[in-house]
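Throughout, numbering of the chain's residues begins at 1 and tracks the sequence. Treat the numbers as computed from the prediction; the structure is a model and nothing was measured.
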Amino acid sequence: MPKAARPRSAGDDKKQRDLQAGVALLWGEQDRPARGPKPSLTPQRIAGSAVALADAEGLEAVSMSKVAAAFNVSAMALYRYVPGKTELVELMVESVLADVPDLTTAGPGWRPRLIAWAQRSWQVYQAHPWLIAATAMRRQVMGPNQLGWLDAALAAMEPTGLTAAQRHQVFLLLAGHVRSLAQQLVDFDEDHNREWTRLTNELLTRQADRFPALTRAVADGAFAPDDIDPLAFGLERILDGVQTLIDRTGPAST
């Protein structure tokens, strides 16, 4: 027998209201008071201050009280404009993604346009390392700027002949490649890396017979510094695969 639907609780209703409020805030559709003094702040100004704080100290340093202090107001005063930190982080993401790329300037063809998209995305992550945590892979409220980046990438692939589902999967591959590099950027610590390399080399020296392929790769310089651009290298491999898929499905502009 099918299970009976769980009755809606007060908590469910609150979550729905919170989600609706977040959408309205991101899309500029929140109700504005018809009377009273003109607001001294805006959600956009508050988000800009929070972005500056996160750029300087990391996302974990962002709090309503710290952002409020930048405007010489109380934390409670900010709640008139932003319901809480969750919504504030969503506004921060929108703020740093405001410059939605115009991929038509990259030249004709889907390939240079997707390369331009990935390069622009990588630049944003480099400028705002906290963005990797703020856009964790989960369903979240997305504003017009975030959707604009997705739309630009999908538009670049429309002439390829790939299905909508395939274009979406290609987008996820590109975004995942950029996010992987961004995560490495966040996690990298030079002192720790130096010590890890030393200890790993010592370990492999003692255990070479157990890991022969890895030992040979290390000896041949697999982990040594090189001049390979990891963004470009990964992009070329991904896009080569996309071209193969296009060739299998039918003719298209490259």
Side-chain angles (χ1 to χ4, degrees), residues 55 59 93 96-97 99-138 140 142 145-190 192-194 196-197 200 211 213-249 252-254:
D55 287 347
L59 187 63
V93 172
V96 301
L97 295 178
D99 188 13
V100 177
D102 177 9
L103 301 181
T104 61
T105 61
W110 62 270
R111 188 166 184 137
R113 293 181 181 185
L114 290 185
I115 290 173
W117 185 94
Q119 290 172 336
R120 290 284 300 281
S121 180
W122 174 232
Q123 290 167 2
V124 174
Y125 278 111
Q126 286 179 300
H128 310 286
W130 54 267
L131 187 60
I132 193 70
T135 55
M137 298 301 285
R138 60 181 175 84
Q140 60 185 20
M142 298 175 70
N145 295 338
Q146 198 169 0
L147 286 179
W149 280 75
L150 170 57
D151 186 76
L154 293 178
M157 288 184 277
E158 283 186 336
T160 61
L162 298 177
T163 67
Q166 288 171 331
R167 296 196 299 271
H168 182 229
Q169 289 299 318
V170 171
F171 165 79
L172 293 177
L173 280 173
L174 290 175
H177 176 50
V178 176
R179 287 181 62 85
S180 176
L181 294 177
Q183 186 66 66
Q184 293 176 44
L185 180 67
V186 169
D187 293 341
F188 182 77
D189 179 280
E190 189 169 351
H192 179 270
N193 184 66
R194 187 182 303 110
W196 178 89
T197 300
T200 301
F211 309 101
L214 176 59
T215 300
R216 289 192 298 271
V218 170
D220 290 341
F223 298 99
D226 56 52
D227 58 358
I228 296 175
D229 180 343
L231 177 66
F233 181 85
L235 282 176
E236 291 300 319
R237 304 295 75 73
I238 291 171
L239 299 182
D240 284 350
V242 173
Q243 182 63 66
T244 299
L245 178 61
I246 292 171
D247 293 341
R248 288 176 180 173
T249 56
S253 172
T254 58

Discussion item. For a side chain to side chain contact (heavy atoms under 4.5 Å, CB included) check, start with the C-alpha distance between Leu162 and Trp110, then their side-chain angles and the critical distance, and finish with the verdict.
Written reply: CA-CA 11 Å; Leu162 298 177; Trp110 62 270; over 6 Å; no
### Query
Would a distance-only check, ignoring hydrogens and angles, find a side-chain to backbone donor-acceptor pair under 3.5 Å from Ser121 to Trp117?
no
Scanning both residues in full, the closest heavy-atom pair of Ala134 with Val93 reads CB-CG2, 3.9 Å
Rounding to 0.5 Å, atoms CD (Gln119) and CG (Asp229) come to a distance of 8.5 Å
query = Does some side-chain heavy atom of Gln146 sit less than 4.5 Å from a side-chain heavy atom of Leu150?
reply = no
Tightest non-hydrogen contact, residues Val186 and Pro129, listed as CG2-O, 3.5 Å
Are Gln126 and Leu131 close enough that some pair of their side-chain heavy atoms sits under 4.5 Å apart? no
What one should report as the nearest heavy-atom pair of Ala152 and Pro101 is CB-O, 3.9 Å
Sequence neighbours excluded, the answer for salt bridge (charged side-chain N to carboxylate O under 4.0 Å, His left out) partners of Glu158 is none
In short, Arg167 meets Met157 closest at the heavy-atom pair O-CE, 3.1 Å
In this structure, CG of Asp151 is separated from CG of Asn145 (nearest 0.5 Å) by 12.0 Å
Test your reading of the model: is there a side-chain donor-acceptor pair from Arg120 to the backbone of Trp149, 3.5 Å cut-off? no
Query raised in the report: Does Leu231 offer a backbone N or O that forms a donor-acceptor pair with the side chain of His177 under 3.5 Å?
Result: yes
Exercise for review: For the residue pair Asn193 and Phe188, establish whether any side-chain heavy-atom pair is separated by less than 4.5 Å.
Suggested key: yes
Checklist entry - Judged by atom type as modelled, is there a donor-acceptor pair below 3.5 Å linking the side chain of Ser180 to the main-chain atoms of Gly176? => result no
What one should report as the nearest heavy-atom pair of Leu235 and Ala118 is CD2-CB, 3.6 Å
Smallest heavy-atom separation, Leu147 atom then Met142 atom, equals CD2-CE, 3.8 Å
Are Thr104 and Arg113 close enough that some pair of their side-chain heavy atoms sits under 4.5 Å apart?
yes
Quiz item: Would you say the side chain of Leu245 lies within less than 4.5 Å of the side chain of Thr249, judging by non-hydrogen atoms?
Solution: yes
**Study point:** Arg237 atom CZ, neighbour heavy-atom count above 12 within 6.0 Å
**Key:** yes
Taken to the nearest 0.5 Å, the spacing of His128 NE2 from Leu59 CG works out to 12.5 Å
* Tyr125 and Gln183: CA distance, side-chain angles, deciding distance, side chain to side chain contact (heavy atoms under 4.5 Å, CB included) verdict -> CA-CA 9 Å; Tyr125 278 111; Gln183 186 66 66; over 6 Å; no
Inset, instruction - Please assess Arg194 against Asp189 for the test salt bridge (Lys or Arg N to Asp or Glu O under 4.0 Å), listing each intermediate value before the final yes or no. - result: CA-CA 9 Å; Arg194 187 182 303 110; Asp189 179 280; over 6 Å; no
request  = Please confirm whether the backbone N or O of Ile132 pairs with a side-chain atom of Arg179, one donor and one acceptor, at under 3.5 Å?
outcome  = yes
**Report entry** Non-hydrogen side-chain atoms of Leu174 and Leu239 separated by less than 4.5 Å
**Finding:** yes
Review point. Would you call Phe223 and Thr200 a side-chain contact if the rule is heavy atoms closer than 4.5 Å?
Key: no
Rounding to 0.5 Å, atoms CG (Leu114) and CG (Leu173) come to a distance of 11.0 Å
Within-4.5 Å side-chain heavy-atom neighbours: Trp122 and Leu185: yes
